[in-house]
Amino acid sequence: MFESLSDRLQAVFQKLGSKGRLTEDDVREAMKQVRLALLEADVNFRVVKEFVAKVTEQAIGEEVTKSLTPHQQVIKIVHQELINLLGTENVPLQEARPGPTVIMLVGLQGTGKTTLAAKLALHLRKKGKRVLLVAADVYRPAAITQLQALGRQLNIPVYSEGTQASPPDIAEHALEHARKELFNVVIIDTAGRLQIDEPLMQELEQIENRVHPIERLLVVDAMTGQEAVRVAETFNQRVKLTGVVMTKMDGDARGGAALSVRAVTGVPIKFLSTGEKVDGNTLEVFHPDRLASRILG
Ligand code: GDP
């Protein structure tokens, strides 16, 4: 991901570097290329417009054009604005005090929610937490067996009541169980649908009202581009999201969703998922500066 964006940006900066001193026109021409590169990477057009305006305003200032290394200054400005776009700083998961900390995972079907539930459980166990996974996706029986299989593989308990119970009940019973058994964290894998629908949203609101999850994380498939941003906006209107997890960051999508979602929704990206395997290497805590550096190469 981001390879072609990185290549395009590097080419723009190389050209700038070859010019020595920069005129305002040089900067404007470079920004035109940056704009095209971002649009081709499938970044939301409003986000691109604002981004380019901010960079241009700073880059045509005298401090830059009269400096001894003007193109380096432009790169620095782009780097900083990318960081700002991505949310400036990592926003860590919140902990409920007193516990248990309840984390609700929401998202469309196939985005990687169940896989992420297991990855997150592993991540938190490494931090010394006792984690309980909760199978609340009762409409897709395979989701329950998938979560149970992952739980067995990782030796992490999975709370399930099969497919007959209602998800809000399951969530509440799971939380009671977690309190009794002194679990620190409860991760609820909720149902996804192929599309956002009203019953899905109502069910999420009911779970929210019953167990008050301190974290409401939307799992978003980075491969779905701008559609992912629209989904995030819709979910955020109903279930006030506390974070986004971008999955399939190992794929060859153009990366636009990852670059737009924070700017459009205001919801911070908290993790990146980078593979199908559930192990310690495929979940990355999201750091805006690291991704910005990766994009700029
Ligand atoms: P759910 O329907 O949202 O619970 O999605 P699943 O967890 O069942 O994942 C759907 C598919 O995406 C499965 O084939 C997963 O192996 C795959 N998957 C999940 N996360 C990632 C990821 O980060 N990268 C890749 N390449 N595949 C993933």
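For this chain, numbers begin at 1 and follow the sequence in order. Numbering of ligands and ligand atoms starts at 1, following listing order.
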Residues that, via side-chain heavy atoms closer than 4.5 angstrom, fall in one hydrophobic cluster with I83: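 Cluster partners of I83: none, it stands alone.
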Hydrophobic cluster (4.5 angstrom, side-chain heavy atoms) - remaining members for I144: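 Listed partners: none, I144 stands alone.
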Pair [X] + [Y]: basic N to acidic O under 4.0 Å:
| X | Y | value |
| --- | --- | --- |
| E198 | R238 | yes |
| K270 | E215 | yes |
| D169 | R210 | yes |

For R193, all residues meeting side chain to side chain donor-acceptor pair (under 3.5 Å), sequence neighbours excluded: D197
Residue contacts for ligand 1, heavy atom to ligand atom, distance under 4.0 Å: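 Shell around ligand 1 (4.0 Å, heavy atoms): L108, Q109, G110, T111, G112, K113, T114, T115, K119, R140, Q146, K248, D250, S273, T274, G275, E276.
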